[in-house]
K.L.:
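Below: one structure in structure tokens.
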Amino acid sequence: MVKKIIAFEGHNGVGKSTIGNEFAKKIRARFIYGVDEDSLTNGLKEKFIMKAKWYPSALHFIAGTMETKRKLDEVSTEEVVVLDRSYWSTLAVIWDRNEKDKNKILNIFSDGRKFLPVPDIIFILKASYETCNERINSKNTKDKNLDKVVNKKYYDKEKNFYNWLIQNKDEKTTIISIDTDNMSKEDVYNACLKEYKKTIREEIKNEGYNKIN
């Protein structure tokens, strides 16, 4: 069973996939989508992002993260896995809805916790709206079309959500927020690696203290 899950979160275009992939290589971990890839094939990703109503869309992607958890539980040879987004991203997408709707998703997270791949560490990569747009426009992938949903209102919604998540995180999760504006990919990657090593040192220190006491 996987012992540690690390997730990269943040705005569309901020660089989660690029940085997360390089980070995973450096620590010799596997890098995968938070949502199981079978849930994203044959046009399902586009359909549930662009066409489905908000609740069926949320359920689809949450189910996809639960399938990721099922598959990870079957793995016995990997110590660490790095995710491109976690189940929290589902809530970020609907963060402009009313409290009743948001609580529906939070209740699913609470009731279905044992089925979800709960991250031990979340890196939240931040950047300005202008920077994210520049990075989106420089993409050369099919997902660039999906980024058309991103406008200033969408960006602000995600920003408000990630600020909330930092204050209301899962008790098991360490959150590390990194402002990537005016930073190269190498700078961001090195900052993530530095914070990760610091977190691991703190964990080892605390484990030693708990054993003594």
Side-chain angles (χ1 to χ4, degrees), residues 1-40 61-93 109 112-127 132 135 143 158-159 161-180 183-207:
M1 184 180 292
V2 174
K3 294 183 179 179
K4 189 178 293 293
I5 297 175
I6 302 169
F8 277 79
E9 289 278 359
H11 299 292
N12 286 49
V14 77
K16 297 180 297 299
S17 300
T18 301
I19 301 303
N21 194 23
E22 289 301 314
F23 177 86
K25 288 178 182 177
K26 184 65 177 179
I27 65 171
R28 297 181 180 179
R30 185 160 60 109
F31 182 65
I32 59 175
Y33 286 112
V35 177
D36 182 65
E37 291 194 66
D38 289 342
S39 301
L40 307 175
F61 288 107
I62 292 171
T65 65
M66 290 181 172
E67 179 62 6
T68 292
K69 171 68 160 59
R70 184 190 70 80
K71 289 183 177 180
L72 290 179
D73 285 345
E74 294 177 349
V75 174
S76 60
T77 59
E78 292 175 301
E79 293 286 316
V80 183
V81 169
V82 180
L83 303 181
D84 185 345
R85 289 192 182 274
S86 68
Y87 58 87
W88 284 111
S89 282
T90 308
L91 192 56
V93 172
F109 291 169
R113 177 184 169 85
K114 68 179 181 180
F115 302 104
L116 291 164
V118 179
D120 299 280
I121 299 173
I122 295 178
F123 285 101
I124 299 179
L125 304 184
K126 295 184 174 181
C132 289
R135 293 174 183 173
D143 281 347
E158 287 191 319
K159 181 178 179 181
F161 167 73
Y162 287 121
N163 288 336
W164 173 89
L165 181 60
I166 290 170
Q167 299 299 321
N168 297 272
K169 67 182 181 66
D170 188 286
E171 62 181 13
K172 181 190 176 208
T173 304
T174 298
I175 292 186
I176 301 168
S177 180
I178 296 178
D179 188 343
T180 69
M183 293 177 71
S184 67
K185 293 177 183 178
E186 184 175 351
D187 289 338
V188 178
Y189 153 75
N190 285 331
C192 291
L193 193 60
K194 179 180 178 181
E195 291 295 329
Y196 173 68
K197 290 179 178 178
K198 184 165 68 174
T199 300
I200 296 302
R201 286 197 297 269
E202 284 297 318
E203 288 179 1
I204 294 172
K205 179 180 177 181
N206 291 334
E207 284 177 6

K.L.:
Considering all heavy atoms of both residues, which atom of K126 and which atom of S177 are nearest to each other, and what is their separation?
P.N.:
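Smallest interatomic distance, heavy atoms only, reads CE-OG, 3.3 Å.
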
K.L.:
Ignoring hydrogens and geometry, is there a side-chain-to-backbone donor-acceptor pair from S184 to D187 under 3.5 Å?
P.N.:
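A pair under 3.5 Å: yes.
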
K.L.:
Find the distance between CG (L116) and CD1 (I62) and round it off to the nearest 0.5 Å.
P.N.:
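These two atoms lie 7.5 Å from each other.
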
K.L.:
So, does T90 use its side chain to make a donor-acceptor pair with the main chain of Y87 at under 3.5 Å?
P.N.:
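Answer holds: yes.
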
K.L.:
Which heavy atom in A29 sits nearest to a heavy atom in V82, and how many Å separate them?
P.N.:
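Looks like CB-CG2, 4.0 Å.
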
K.L.:
To the nearest 0.5 angstrom, please state how far the CD atom of E158 sits from the CG atom of L165.
P.N.:
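The CG atom of L165 is 12.0 Å from CD of E158, to the nearest 0.5 Å.
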
K.L.:
So, taking the atom named CG in L83 and the one named CG in L72, what distance separates them when rounded to the nearest 0.5 Å?
P.N.:
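If I round to the nearest 0.5 Å, the distance is 7.0 Å.
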
K.L.:
Could you check whether any side-chain N or O of T173 sits under 3.5 Å from a backbone N or O of P119, counting only pairs where one atom can act as donor and the other as acceptor?
P.N.:
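Yes, because the side chain of T173 sits within donor-acceptor range (under 3.5 Å) of the backbone of P119.
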
K.L.:
Please give me the minimum heavy-atom distance between A92 and F161, naming the atom from each residue.
P.N.:
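Distance-wise, the nearest heavy atoms are CB-CD2, 3.3 Å.
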
K.L.:
Taking the side chain as everything from C-beta on, heavy atoms only, tell me whether N12 gets closer than 4.5 Å to C132.
P.N.:
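Heavy-atom side-chain distance check fails, nothing below 4.5 Å.
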
K.L.:
Could you walk me through whether W88 and F109 pass ring pair (Phe, Tyr, Trp, His ring centres under 6.0 Å), step by step?
P.N.:
CA-CA 9 Å; W88 284 111; F109 291 169; 5.3 Å; yes

K.L.:
Check the surroundings of atom NZ in K159: do more than 12 heavy atoms from other residues, nucleotides or ligands lie under 6.0 Å from it?
P.N.:
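Incorrect, the count does not exceed 12.
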
K.L.:
If every non-hydrogen atom of D120 is compared with every non-hydrogen atom of K4, which pair is closest and at what distance?
P.N.:
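Closest heavy-atom pair between D120 and K4: OD2-CA, 3.2 Å.
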
K.L.:
Would you say F31 has more than 12 foreign heavy atoms packed within less than 6.0 Å of its CZ?
P.N.:
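Above 12, so yes.
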
K.L.:
Measuring from T199:OG1 to E203:CD, what's the distance to the nearest 0.5 Å?
P.N.:
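Rounded to the nearest 0.5 Å, the OG1-CD separation comes out at 7.0 Å.
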
K.L.:
Is the number of heavy atoms from other residues, nucleotides or ligands within 6.0 Å of NZ (K172) greater than 12?
P.N.:
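Yes, because the 6.0 Å sphere around NZ of K172 holds more than 12 heavy atoms from other groups.
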
K.L.:
I'd like to know if E74 and K71 make a salt bridge, using a cut-off of under 4.0 Å between side-chain N and carboxylate O.
P.N.:
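No salt bridge links E74 with K71.
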
K.L.:
V2 and E79: which non-hydrogen atoms are nearest, and at how many Å?
P.N.:
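Closest heavy-atom pair between V2 and E79: CG1-O, 3.9 Å.
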
K.L.:
Would you compute the distance between atom SG of C192 and atom NZ of K26 and round it to the nearest 0.5 angstrom?
P.N.:
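Going from SG on C192 over to NZ on K26, the span is 14.0 Å.
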
K.L.:
Under a 4.5 Å cut-off applied to non-hydrogen side-chain atoms, are R113 and V118 in contact?
P.N.:
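Result yes, sub-4.5 Å side-chain heavy-atom pair found.
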
K.L.:
State the CG-OG distance between L91 and S86, to the nearest 0.5 angstrom.
P.N.:
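Taking CG in L91 and OG in S86, the distance rounds to 10.0 Å.
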
K.L.:
Scan side-chain atoms only and decide if D36 and S39 contain a donor-acceptor pair under the 3.5 Å cut-off.
P.N.:
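Judged by distance alone, the side chains do not pair up.
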
K.L.:
With a 6.0 Å cut-off (strictly less than), is the heavy-atom count around NZ of K169, excluding the residue itself, greater than 12?
P.N.:
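Enclosed.
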
K.L.:
Are the side chain of N190 and the backbone of E186 linked by a donor-acceptor contact shorter than 3.5 Å?
P.N.:
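Yes, because the side chain of N190 sits within donor-acceptor range (under 3.5 Å) of the backbone of E186.
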
